[in-house]
Amino acid sequence: MTKNKFYVTTPIYYVNDAPHIGHAYTTILADVLSRFHRALGDDTFFLTGLDEHGQKVQQAAEKRGLQPQAHCDELAPRFMDLWKKLGISNDDFIRTTEARHQGVVQAILQKVYDSGAIYQKEYEGLYSVAEERFITEKEAESGQFREVKTIKEKNYFFKMSQYQERLIKYIDDNPGFIRPEHRKNEMLGFLRQPLTDLCISRPKSRLSWGIEIPFDRDYVTYVWFDALINYISAIGYGSDEAKFRRWWPGVHLIGKDILTTHSIYWTTMLFALGLPLPEAIFAHGWWLMGDSKMSKSLGNVVRPLDLIEQHGVDAVRYYLMSEMILGADANFTPENFIKRYNSDLANDFGNLLNRVSGLIGKNHGGIIPAALEPTPAEEEVARSGRVLVPRVEALVREYKVDEVLNEVMNLIRQVNKYMEAQAPWKLAKTDLPAAGRVLYTATEALRLAAVLLKPVMPEKAATVLAILGVPDSGLAWGELKSGLALPAFPPLFPRIEVEKKV
RNA sequence: CGCGGGGUGGAGCAGCCUGGUAGCUCGUCAGGCUCAUAACCUGAAGGCCGUACGUUCAAAUCGUACCCCCGCAACCA
């Protein structure tokens, strides 16, 4: 069987933003997918990073009396540290101010310019002097902008419009390209209207903190030809062709807010470069806070660090991955978090581990019993375990992490039922080996579940596997070893007592 | 008539393409078990599947109309 390749990216986050649950979600999702693909034996590369140019950075730096670069250097660790704490296993971290990126951006601008797909044009629009930026007519009507006047400015434009038909055809021909399905339709709807060309520059007089346009030193390039290119500059485009060919094209995980940017701007840029389009662009939903959007003004921004400190990284990762249904918006509430933690992790998974190990300790001298010949009851559990693995693999390839978790929890629930039906605590009194057979089977199911949960909960899964004495065991049924001694251990996921929390 | 997505027991979702006893998780109630983190197991209550017509022996599932919610280009995942 040929090895698959998996290159996954998150957006590069804007360095001025305070990292919030949304950033954490996308990044954890990318991490979980990466870990799954690695576990499946795929050649995997996971990229995330920061977008460090632009007006807001320039202004914020000025306000603090710092050089923009110094400002960025100070802010960047907020993200890097958070990813470390969240157990993010990215293979690279790109910052758009790095030389390796800037050089590629300039080379690309030059190349596209030489091909005739970039031209200069005078642009007229509404400009807010107070805000120092162009505003839309709608914004002007809102009356929230002072000193609005019409000004003319020369800028460079990318001939995005010329790729419209080609892009429509591509999207039609590649059903898995934009996911989920309804987002694809949204984009096709968008493409029914004539595409305009894309303004890709800013005069330095207005914005100096950016990458200089190689064919006109009075300008810097504006966001698109800077930020989006990170996806290829990081993997060696223009500098390491072998590396680039190894990884490109990749899968872009994004929030639904930047779907147009990716599925239209970025893809037409790739057309202009003669490069293959991404393998997939997957847009997920937003986290709402109790039905309202998360916002600073409402004071309902959830800080990932607070959650980690309270409940541990793995619980947070599990919650975020299980609670957001593929592609839809999800609702974050502390009550929800506690409910899911208690029912899935504490009551089902953690508690099952406890009851099984407790019985082994009490009746079998703390030694994992022999598997023996399976009866139909064991066969049924084993079959569920065997069927689960390919099922999970298929779901992972469809980005359906929430369903993966549900499937694994179903196995755990089934084992709880199996325990109830077999009652090894009773069996032990009449037929000790038979009780052992039941406990072996239940423990093996737990082991397999832990292996499958490892990408989502690396620490907790490793703990379980270490307890079972098979830290490196894999996805085949029956890798649990009889005869090993089980150490004592504290509850894996202690229940969160609601009374105390409220 | 701009486009797209959605409206399924208290909550969140599946089912709809390939019509035929409405399923899952959580919550509620009752019972069981007592190995376990007051956990686990079983059972029950609770739905006119947004509304109205239509097709059909039969519609949550197909068709038509309507109502309601959400999203739809400039840097918020």
Side-chain angles (χ1 to χ4, degrees), chain A residues 10-14 16-30 51 53-56 133-136 160 180-193 195-196 198-199 222-224 226-228 253-261 264-265 283-287 293-296 301 322-331 335-336 339-340 342-363 402-403 406 409-410 413 415-421 423-428 435 439 490-497:
Chain A
T10 73
I12 46 174
Y13 306 112
Y14 203 56
N16 260 23
D17 293 336
H20 57 62
I21 193 106
H23 299 116
Y25 174 76
T26 314
T27 311
I28 292 171
L29 179 61
D51 179 8
H53 287 124
Q55 191 146 35
K56 284 182 186 167
R133 69 176 181 98
F134 280 93
I135 59 176
T136 63
M160 188 161 74
E181 178 90 17
H182 70 270
R183 298 288 173 200
K184 180 189 92 173
N185 295 334
E186 208 172 291
M187 284 304 102
L188 284 172
F190 181 84
L191 282 168
R192 246 173 248 139
Q193 271 136 32
L195 218 47
T196 56
L198 193 63
C199 179
Y222 177 68
V223 66
W224 318 120
D226 181 349
L228 292 167
L253 302 182
I254 57 171
K256 64 181 182 180
D257 52 306
I258 49 175
L259 179 61
T260 310
T261 322
I264 304 203
Y265 301 179
H284 64 252
W286 272 340
W287 284 94
K293 191 177 164 181
M294 175 168 48
S295 80
K296 283 175 200 161
V301 175
S322 60
E323 192 71 13
M324 184 168 275
I325 306 299
L326 185 86
D329 287 350
N331 213 331
E335 294 75 25
N336 245 338
K339 205 180 270 180
R340 195 171 268 281
N342 277 346
S343 68
D344 287 4
L345 298 181
N347 297 348
D348 284 346
F349 190 83
N351 182 53
L352 178 61
L353 180 65
N354 256 33
R355 55 196 307 212
V356 164
S357 71
L359 285 166
I360 290 175
K362 195 175 294 180
N363 299 329
D402 57 313
E403 288 189 43
N406 190 37
M409 289 318 298
N410 278 341
R413 292 183 193 111
V415 174
N416 267 321
K417 291 181 188 22
Y418 163 77
M419 286 283 285
E420 208 64 28
W425 51 93
K426 279 184 191 163
L427 249 189
L439 291 176
L492 199 63
F493 298 102
R495 268 181 73 83
I496 300 169
E497 295 308 328

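Below, chain A is the first sequence line, B the second, and so on; all start at residue 1.
- Taking the C1' atoms as reference points, B:rG10 lies 24 Å from B:rA38, given to the whole Å.
- Residues A:Asp402 and A:Ser322 fail the side-chain proximity criterion, which asks for heavy atoms closer than 4.5 Å.
- Residue contacts shown for A:Tyr25 are absent, as no nucleic acid heavy atom lies under 4.0 Å away.
- Of the listed nucleotides (B:rC35, B:rA74, B:rC76), B:rC76 has the atom at the smallest distance from the side chain of A:Asp17.
- Checked against ring pair (Phe, Tyr, Trp, His ring centres under 6.0 Å), A:Trp425 has no partners two or more places apart in sequence or in another chain.
- Side-chain contact between A:Thr10 and A:Tyr13 is present, with at least one heavy-atom pair separated by less than 4.5 Å.
- For B:rC40, neither phosphate oxygen OP1 nor OP2 lies less than 4.0 angstrom from any side-chain nitrogen or oxygen of A:Asn351.
- For the pair A:Asn416 CG and B:rU37 C1', the computed distance is 12 Å after rounding to whole Å.
- For A:Asn185, a side-chain nitrogen or oxygen approaches OP1 or OP2 of B:rG5 to under 4.0 Å.
- Contact annotation for A:Gly350: base contact, defined as any heavy-atom pair under 4.0 Å involving a base atom.
- To the nearest whole angstrom, the two C1' atoms, one in B:rG20 and one in B:rC16, are 14 Å apart.
- A salt bridge links A:Arg183 with A:Glu186: at least one charged nitrogen is closer than 4.0 Å to a carboxylate oxygen.
- Checked against B:rC76, B:rA77, B:rG71, the side chain of A:Glu186 finds its nearest nucleotide in B:rG71.
- A sub-4.0 Å separation between OP1 or OP2 of B:rG4 and a side-chain N or O of A:His182 is absent.
- The same atom, P, is picked in B:rG12 and in B:rA74; the two are 30 Å apart, to the nearest Å.
- A gap of 15 Å separates the C1' atoms of B:rC53 and B:rC67, to the nearest Å.
- In this structure, A:Tyr14 contributes its side chain and A:His53 its backbone to a donor-acceptor pair below 3.5 Å.
- Put simply, the side chain of A:Thr196 and the base of B:rA73 share a donor and an acceptor less than 3.5 Å apart.
- Here, B:rC49 and B:rG23 have their C1' atoms 12 Å apart, quoted to the whole Å.
- When each of A:Asp257 and A:Leu188 is assigned the nucleotide of RNA chain B with its nearest heavy atom, A:Leu188 is the one assigned upstream, toward the 5' end.
- In this entry the distance linking CE of A:Met409 with C1' of B:rC24 reads 14 Å, nearest Å.
- Scanning for ring pair (Phe, Tyr, Trp, His ring centres under 6.0 Å) contacts around A:Phe190 gives an empty result, with sequence neighbours left out.
- Comparing the C1' positions of B:rC40 and B:rU8 gives a spacing of 30 Å, expressed to the nearest Å.
- Taking atom C1' in both B:rC13 and B:rG27, the straight-line distance is 15 Å, to the nearest Å.
- The base of B:rA77 has none of its N or O atoms less than 3.5 Å from a complementary donor or acceptor on the side chain of A:Tyr13.
- Taking every side-chain heavy atom of A:Pro491 into account, B:rU37 is the closest of B:rA74, B:rC40, B:rU37.
- With A:His284 contributing its side chain and A:Ile254 its backbone, the two residues share a donor-acceptor pair below 3.5 Å.
- Not a single donor-acceptor pair under 3.5 Å links the side chain of A:Asp51 to the backbone N or O of A:Ile12.
- Considering only the side chain of A:His20, B:rC76 comes nearest among B:rC76, B:rU37, B:rA73.
- Rounded to whole Å, the separation between the C1' atoms of B:rG9 and B:rA45 comes to 10 Å.
- Atoms NZ (A:Lys184) and P (B:rG5) sit 11 Å apart, rounded to a whole Å.
- When only modelled atom types and interatomic distance are considered, A:Arg413 and A:Asn410 share a side-chain donor-acceptor pair under 3.5 Å.
- Put simply, CH2 on A:Trp286 is 14 Å from P on B:rC70, counting in whole angstrom units.
- With pairs defined as Watson-Crick or G-U wobble and both atom distances under 3.5 Å, the stems of at least three pairs that touch RNA chain B come out as B:2-7 with B:67-72, B:10-13 with B:23-26, B:28-32 with B:40-44, B:50-54 with B:62-66.
- Within the nucleic acid shown, A:Leu259 has no heavy atom closer than 4.0 Å to any nucleic acid atom.
- Within the 4.0 angstrom heavy-atom criterion, only backbone atoms of the sugar-phosphate kind lie near A:Ile254; the bases stay farther away.
- Annotation: of the two residues near RNA chain B, A:Gly189 and A:Val223, the 5′-most nearest-nucleotide partner is A:Gly189.
- Contact annotation: the side chain of A:Asn416 approaches that of A:Arg355 to within less than 4.5 Å [non-hydrogen atoms, C-beta and beyond].
- With sequence neighbours excluded, no residue forms a salt bridge (charged side-chain N to carboxylate O under 4.0 Å, His left out) with A:Glu335.
- Checking B:rC75, B:rU37, B:rA77 against every side-chain atom of A:Asn354, the shortest atom distance belongs to B:rU37.
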- Item | Nucleic acid footprint by protein, nucleotides 25-34 of chain B - heavy-atom cut-off 4.0 Å, B for base, S for sugar-phosphate alone | SS-----BSS
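- The listed nucleotides are B:rC76, B:rA77, B:rC35; the one nearest the side chain of A:Lys362 is B:rC35.
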What pairs of donor and acceptor atoms, side-chain ones from residues 343-352 of chain A against any protein atom, are under 3.5 angstrom apart with sequence neighbours left out?
residue  : atom : partner  : partner atom : Å
A:Ser343 : OG   : A:Lys339 : O            : 3.1
A:Asp344 : OD2  : A:Tyr318 : OH           : 2.7
A:Asp344 : OD2  : A:Arg340 : NH1          : 3.2
A:Asn347 : OD1  : A:Arg495 : NH1          : 2.9
A:Asn347 : ND2  : A:Asn342 : O            : 3.3

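- With hydrogens and angles left out, the side chain of A:Tyr222 and the base of B:rC75 share a donor-acceptor pair within 3.5 Å.
- Using a 4.0 Å heavy-atom cutoff across all strands shown, A:Pro11 reaches sugar-phosphate atoms only and no base atom.
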